[in-house]
Amino acid sequence: MGRIVVGVDGSDASVKALRWAVRQAELTGDTVEAVNSWEYPSTSWASMMPGMPEDFDPQAVATVALTETLEEALGAEGAAAVEKVVVIGNPAQSLLDRSKGANLLVVGARGYSGFKATLLGSVSLHVTQHAACPVTVVRD
């Protein structure tokens with residue numbers, strides 16, 4: 001039995017990727033690991049934002065968001081069968097790190113291609129170029 005890693009950020013594309021990964025795991029007997037990654041805004045953006053409350057916990061917020069997304073997409077029982085991983089860091093790098101030793105990495109596509117994808121630094125573009133395991137990009 002192996003592991004399928006899927007990036008889940010709450011977007012429609014990531015929910016489609018999640019559902020695809022769960023169906024694939026049913027066929028292969030692999031487990032599914034849903035990864036949500038967050039990072040603090042850069043210093044230039046942070047200076048334009050009002051101060052955060054002292055009790056603000058971005059890790060907890062990201063964990064709740066991931067749990068809610070899984071339950072909405074898969075139901076309570078389906079969500080309980082998925083391992084939830086919330087990490088701080090760049091989303092593409094976090095997925096690459098978590099996918100080491102995995103059988104498959106699954107991400108959603110945002111629909112950007114060519115020059116736009118290069119400018120936007122697409123997570124799906126980055127992981128397809130650098131992953132150590134096979135990658136599936138689920139398109140709309």
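What you see below is based on every heavy atom in this structure, not just the backbone, and it leaves out hydrogens, waters and symmetry mates.
- Taking both residues in full, the closest heavy atoms of Ala73 and Val15 are given as CB-CG1, 3.7 Å, listed atom of the first, atom of the second, then distance.
- Closest approach of Val127 to Ala92, counting heavy atoms only: CG1-O, 3.9 Å.
- Using a 4.5 Å heavy-atom cutoff, the side chains of Gln24 and Val106 are not in contact.
- Judged by distance alone, with hydrogens and angles left aside, the side-chain atoms of Ser99 form no donor-acceptor pair with the main-chain N or O of Ala102 at under 3.5 Å.
- Side-chain atoms of Asn103 do not come within 3.5 Å of backbone N or O of Ile4 as any donor-acceptor pair.
- Closest non-hydrogen pair, Ile88 versus Glu39, comes out as CG1-CA, 4.3 Å.
- A donor-acceptor contact shorter than 3.5 Å links the side chain of Ser37 to the backbone of Gly89.
- One distance of note links CG of Leu95 with CG of Asn90; it measures 9.0 Å at 0.5 Å rounding.
- Within a 6.0 Å radius of CD in Gln129, other residues, nucleotides and ligands contribute more than 12 heavy atoms.
- Judged purely by atom type and a 3.5 angstrom limit, Ser124 has no side-chain atom pairing as donor or acceptor with the backbone of Val107.
- Going from atom CD of Gln93 over to atom NE2 of His126 covers 5.5 Å, rounded to the nearest 0.5 Å.
- Contact between Thr69 and Gly10 at its shortest, heavy atoms only, is OG1-CA, 3.8 Å.
- Within the 3.5 Å criterion, the main-chain N or O of Ala79 finds a donor-acceptor partner in the side chain of Lys84.
- Note that OG1 of Thr63 and CD of Glu68 are 11.0 Å apart. Values are rounded to the nearest 0.5 Å.
- A distance of 7.0 Å separates CG in Leu96 from CG in Leu105, rounded to the nearest 0.5 Å.
- Looking only at distances, no side-chain donor or acceptor of Arg3 sits under 3.5 Å from a matching main-chain atom of Glu33.
- Looking at every heavy atom in both residues, Ala25 comes nearest to Asp30 through CB-O, 3.3 Å.
- Taking CH2 of Trp20 as the reference point, atom CG of Leu104 lies at 5.5 Å (rounded to 0.5 Å).
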